[in-house]
Amino acid sequence: MHLAYPAVLAALLFCVGLYGVLARRNAVLMLMSVELMLNAVNLNLVAFDVWLRDTLHAGQALTLFTITIAAAEIGLGLAIVLMVFRTQGTADIDRLRELSEPPADGLPPGPTGAEAGPDDSDTASPASPASPASLTGSAQGKAGAV
Amino acid sequence: MTLTLAVLVPLLPFLGALAGLAAGRRIPGLIAPLAVLPTLASAALAVAVACDLGTGRHLDAATRLTPTGGIPIDLAVHLDGFSTLLAVLVGVVAGCVQIYSTSYLRDDPRYSSYAALVSLFTAAMFLVLYSGDLIVLLVGWEVMGICSYFLVGHHWERDDARSASIKAFLVTKLGDIPFLFGIFALAADAGTFRISGVLAAAANGQLHHPTLIALLLLCGVAGKSAQFPLHTWLPDAMAGPTPVSALIHAATMVAAGIYLVARLLPVFLLSSAALIVLGVMAAVTMVGSALCALAQDDIKRVLAYSTVGQLGYMAGALATGDRDAAVFHLLTHGAFKALLFLAAGVVIHAAHTNSLTAMSRMPDLRRRVPDAYWTMAIGLLALAGIPPFSGFFSKESVLTAAERAAHGEALTGGLAPATAVPGAVGWIVLVAGLLTGLLTAMYATRLWLVAFRTPGAAQPAAALPATAQPGTAPVSAEPNAMRWPLWLLAVPAVALGLVGLHSSWLPSFLDGVSLTPSGSTAILGTCVALAGVLVSYAAWRRATALVLDAATASPRRAAHELDESTRPQGTAAEPREITADLATVPGRSFAEALADADSAALAASTGHAPDPARLLLGPLMGPAANGFGLDRLYAAVLVRPVLAAAGLVRFLDREVIETYLAGAAGAPKLLGAAVRKAQNGNAQTYLSALVAGAVVLAVLVAVAQ
Amino acid sequence: MTAALAASLSSQGHSFLSPTGVEIVFVLVGLAVLGAAVLTVSTSQLVHAALWLVVALGGLAIEYLLLTAEFIAWVQVLIYLGSVVVLVLFGLMLTRAPIGRSPDADSGNRWVALGLAVVAAGTLVTLVVDAFRCTWMDLPASGSTSVNGSTQANGEVLFRYWVLPFEALSVLLLAALVGAIVLSRRHREEG
Amino acid sequence: MTTALEALLRCVAVLVVFLTFPLVIGQTEHKVMAHMQGRLGPMYAGGFHGWAQLVADGVKFAQKEDIVPAGADRRIFQLAPAVALLPYLLVLIAIPVGPGGFVGQALDAGLFFVLAVMGIGVLGSLMAGWASANKFSLLGGVRSAAQLLAYELPMLLAAASVAMAAGTVSLTGILGAFHWWWVPWQIVGGFVFFTSGLAELQRPPFDMPVADSEIIFGAYTEYTGLRFALFLLSEYAGILVLCALTAVLFLGGWHGPLSADLGWLWTLLKTFALAFVVIWLRVTYPRLREDQLMRFAWTFLIPLALAQLALTGIVKVVIS
């Protein structure tokens, strides 16, 4: 068999996964895309192992390791996503922007006057404790019943 | 030995000032001793130095701390008769002022800083006197400037004190800048900052630009010694506490300029142009300030203008090349002017007002402050130049010097040939001196009569109940610390002039020029002074008669007439202002102050006072009261253009330069905003950029191979 | 160029134009895998994406089988299909994946991502084809006990040469286990 | 040609087994439960002992309308029963019935294959649970997933014990290496394997995902007619596969006292005996609570499996 077939398939699969990682909004979907990329790497490893007839079977052994690590990764990743979902009320990657630079025309760090109070609470509503509490509550209820 | 003592003289008050500032409010009990004792010790040491040095000798010592580029600067001491005698004067006056202040400013919350600043001021003056190096002298000179700024602005709660302090500082600085350049030019020509070196250079004819140097130095002298046209700060500086006025006027700050010219007189004698300028300046200062003094209502302003006039005498003496006469007058003037100010302080303290008109309403003022009454009489007699008081002899010595100069035989004390002094200078100074003698006698008499001798019948009835109330005015309540310095100073005010008669003692300290007045000037001066006294007395009698008429005639018409005829324009003070003024006079309870202030305000508002000034001055009254509008002239000629220029600069700064700055700041800000957009918190965007970079690298590597 | 390529390949005895049966199957399954993967990253129904991922991963298991890596293939099935995808579905359900299309499944970054992915794919495929177009690998005959990917062969290398990484991996798994438990534990004061 | 024909034949045979044996097990369950619980209903259909009850059930299921809920994800809803059923069909291929190639396809990694493919079956439950657009179904699906993930581990560990004892993961290889004393040696592993398998099949007492008193019927709540029958079929197929595997791994499979030709009979006997046990357990034990279920797996079965693994290792080292 031509090595080009698995190699090209792996390359294309990798790029598909790449697209998924860059384009998907839901964190779980991103994790799935990461799995696709990892599998592309695995395919390459296996193909090259077969081609090279490595006596150590380095390719296949590494594939096994990769699969194991991927399993660990997905477990941890999902735990993180679930926790984020529980605390933030969303699993959308592009809404988790606590690390972003605040907008230049935004409010000053502290409330400057009496009028600033309600505005403050309004603008903070996406991350305000009220709405995620209900969401988290329902999610917790479901998880508890499982 | 002498050197050690001399170094200690400026050092002690300096350390006292530091200790006083450090002790501050934490140890209030220490402040007064820390202020008084070092000053008194310095005075004693100054006396010791003067005695130790003896007559006709001088001492020069110098040490160089560190080499500087260019002309070396030495910590030099130059002691001779001029410096030691003036140091004694400074020490005595400063000691009296410090003692006086302990009582005068007893209740002042800022007494600690005040006392420390006075000590520092004294130390700076000592430094100026003893310094043998122009740069070190300049240090003392500038320290005095900043101290005067703080002391004049002592009552910084008051608007006039604030503006007066700033004015004093700015006007003297205006003179100091040319002064600084003058020193540099002098040092550049002489090749040294040492005074002895400069004098030697002057004697050897090494100074190539004497006129330029002398004129530049004169600017600083005019500023410091309050000579026309830079004298305007001095009357305004009366906003400071009265002891500070005494210190500034009598001994320290204003004396510094005269002392400097006396020190560097050989330089000035090289340039007849500078002497003419100095003479004209002195003449204008003398006459103008005497006229102004006659028109003032504020007792301290009267004294301030008289100081300006007396300084004009000294400057005139210097212009005629006789620095002995100048320093002699400086000594006697220091004594009697300090006496006058301290006595005026007592009077103000008792009357709770600065206004002569208001004082004339107080029938028992004379009895309340007998010490001030008598010592002030002595001081005024000395000021007017009535023999045998000290002022007579020193003033006559100045007139004699002028007369000799007018005849072409100036008393230069061997510093230069008598022909170095133009005869015109002598004539100018002589005429102006005689005229000023007349005017001085007039305003001295007026001051005394209006303040103390207004008859009870001329006092308005409205004022009587206020002052007759029991307990409002405890008679002779002035503390000892304020009374004894007056008598202490009265002694030299009376007797100091006599030492000039002794032909060998005082001149031997100085250049050896005879200080005995010549017969013609003595007679002429005495006549002029007596005439002034008499004229003033006559005018006062007439004014009193008018007031008495007004009391019996129709009050309204008389009041109007009186208002037109007798009221000095300077008294147009608002009653509220006077009250505010009073509230700051220390040593009195506020209720007392209010009671007195009521009567004073009433008096000022009705304006019935037997003041001879208007009768004497006639149409000159208004301009003279306002200092001949010099302040307005300055405002128009200097202040407004400066303000306009500042506005222009401000506009340029805010609108033009800041635009560039804002642009310079804006460009990075825009760039930052652009870059900041990249940090949107979205991990996918970051990842996209990362992958794009990786792809580009991969392509580049692939293509490169 | 294609002709030259074909000529160069045929000169070595293995032509792209005359594929073997395994190659045909591999390409067909590969196309299926690719299609499933594309659907995984493009469908707007979240659970469908996970199910398409199952198809893609299962197809990959078949590809492993075709590459004679039997053990890897079954591990792929066991771990990926049996556990990872189940976990993913679990996570989707816990984050309340809706039935039907989610219009916001793709972020605003999708066109950038598409461009990047296409460029990257072009680059990678070009490079890979350029490098391996003439490379032929001989697949061992299936059924022989000493084949490449048999359980025995894998076990032997794993426990002979790869013991240390294997043990390190077990530590990593343990850490991941502990981490997942800690992360998903609900704190008492929160509950 | 012959290999292809043989392969086809084997596939057909496996299919036949797949289609009949679960039905037999289902019928047995009916009967056994009816007898155990003294139920009279299933005893009437067809006259003798109610032999036609299964046929009646089939006809009933076939007659029922195939309903897909309006809010459901239609395709996945319809696909779910197949996904649930197919893995068992695949697994059956690899289970050896008798010696000498009496197996659908002998695989090198047979045990591995079997366990891997069995794990896929849960996807059917998940798909069904999610696609039904019913919260009971969703809960059932999620419970299925959690249960599967929890019990997969002890099951694998127990199977690993046997593989370790035999030194191979090939099912035929394991049977080839079997000795009678393996039964007491691996009995604990057998217990763990069987119990975990029951849990994976969601059979009572591990039927929390379909607990009718809590969540109606879990993932299958919305299913009717033939699709529901397919789920039932998959459950019985699962029982068949589990029992066959347990028989093969722990009870010696075709090994028996008599002639080797009767090996297939021994396998079937053991399988059905185990299936009877499964049915027996259903009527004997009450359902576990969810937390009990999880605790049972993590704190009881896994330590037990690990102990078995250790024992196997020790014995293996000793005898070699």
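All heavy atoms count here, side chains included; hydrogens, waters and symmetry mates do not. Throughout, protein chains are lettered first and strands after them, A, B, ... in sequence-line order, and every chain is numbered starting at 1. If you're wondering where the values come from, they're calculated on a predicted model, not measured in any experiment.
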Worksheet item: Which atoms of C/Thr126 come close to chain A, meaning under 4.5 Å heavy atom to heavy atom: side chain ones, backbone ones, both, or neither?
Response: neither

Fill in: Distance in Å, A/Asn42 CG paired with C/Tyr64 OH, rounded so as to fall on 0.5 Å steps
4.0 Å

Worksheet item: Among C/Val27, C/Leu34, C/Val129, whose side-chain contact (heavy atoms from CB on, under 4.5 Å) with A/Val8 holds?
Response: C/Val129

Item to complete: Answer yes or no: does atom CD1 of C/Ile24 have more than 12 heavy-atom neighbours from other residues, nucleotides or ligands under 6.0 Å?
Response: yes

Worksheet, complete the sentence: Counting heavy-atom pairs under 4.5 Å with chain C, the top scorer among A/Val21, A/Val46, A/Leu31 is A/Val46

Discussion item. Quick check for you: among A/Leu82, A/Leu62, A/Leu18, A/Asn26, which has the greatest number of heavy-atom pairs under 4.5 Å with chain C?
Written reply: A/Leu82

Item to complete: Could you tell me which non-hydrogen atom of A/Leu76 sits nearest to which non-hydrogen atom of C/Gly179, and how far apart they are?
Response: CD2-C, 3.6 Å

Discussion item. So for C/Leu87, is it side chain, backbone, both, or neither that comes closer than 4.5 Å to the heavy atoms of chain A?
Written reply: both

Worksheet, complete the sentence: Scanning both residues in full, the closest heavy-atom pair of C/Val41 with A/Gly20 reads CG1-CA, 3.7 Å

Worksheet item: Between the side chain of C/Glu63 and the main-chain N/O of A/Pro6, is any donor-acceptor distance below 3.5 Å?
Response: no

Worksheet item: Roughly how far, to the nearest 0.5 Å, is the CG atom of C/Leu169 from the CG atom of A/Leu64?
Response: 9.5 Å

Worksheet item: Which bit of C/Ala131 comes within less than 4.5 Å of chain A, counting heavy atoms only: side chain, backbone, both or neither?
Response: neither

Worksheet entry | Minimum-distance pair of heavy atoms, taken over all atoms of C/Ala120 and A/Cys15 | C-SG, 3.6 Å

Item to complete: Find out whether A/Leu22 and C/Val112 are in side-chain contact, i.e. whether some heavy atom of one side chain is under 4.5 Å from a heavy atom of the other.
Response: no

Practice prompt. Flag the one option from C/Leu124, C/Val22, C/Val38, C/Leu114 with the top tally of heavy-atom pairs under 4.5 Å to chain A.
Written response: C/Leu114

Worksheet entry | Euclidean distance, C/Leu57 CG relative to A/Ile67 CD1, rounded to 0.5 Å | 10.0 Å

Fill in: A/Met32 portion near chain C, given a 4.5 angstrom heavy-atom threshold
both

Discussion item. So which atom in A/Ala7 and which in C/Phe132 form the shortest heavy-atom distance, rounded to 0.1 Å?
Written reply: CB-CD1, 4.4 Å

Practice prompt. In sequence, state the C-alpha distance, the side-chain angles, and the governing distance for A/Leu43 and C/Leu67, and then conclude on side-chain contact (heavy atoms from CB on, under 4.5 Å).
Written response: CA-CA 9 Å; A/Leu43 183 61; C/Leu67 288 170; 4.0 Å; yes

Discussion item. For a 4.5 angstrom cut-off between non-hydrogen side-chain atoms, does C/Phe90 reach A/Leu78?
Written reply: no

Worksheet item: Using 30° and 60° as the class limits, which term best fits the ring planes of C/Phe166 and A/Phe65: parallel, tilted or perpendicular?
Response: tilted

Worksheet item: Among A/Ile80, A/Asn39, A/Leu9, who wins on heavy-atom pairs under 4.5 Å with chain C?
Response: A/Asn39

Fill in: Engaged part of C/Thr40 at the chain A interface, taking heavy atoms whose separation is under 4.5 Å
both

Item to complete: Indicate whether the side chain of C/Tyr80 and that of A/Glu35 have a donor and an acceptor atom separated by less than 3.5 Å.
Response: yes

Discussion item. So for A/Ala58, is it side chain, backbone, both, or neither that comes closer than 4.5 Å to the heavy atoms of chain C?
Written reply: both

Discussion item. Nearest 0.5 angstrom please: A/Leu29 CG to C/Ser44 OG, how far?
Written reply: 10.0 Å

Worksheet item: Considering all heavy atoms of both residues, which atom of A/His2 and which atom of C/Glu23 are nearest to each other, and what is their separation?
Response: N-OE2, 2.9 Å

Item to complete: Let me know if C/Leu78 has heavy atoms under 4.5 Å from chain A in its side chain, its backbone, both or neither.
Response: neither

Worksheet, complete the sentence: Heavy atoms of A/Arg24 and C/Ser42 approach each other most closely as NH2-N, 3.2 Å

Worksheet item: CH2 of C/Trp162 to NE2 of A/His57: how many Å apart, nearest 0.5 Å?
Response: 11.5 Å

Discussion item. So, taking the atom named CG in C/Leu183 and the one named CE in A/Met83, what distance separates them when rounded to the nearest 0.5 Å?
Written reply: 5.0 Å

Discussion item. What I'd like to find out is whether the side chain of A/Val28 reaches to under 4.5 Å of the side chain of C/Leu46, using heavy atoms alone.
Written reply: no

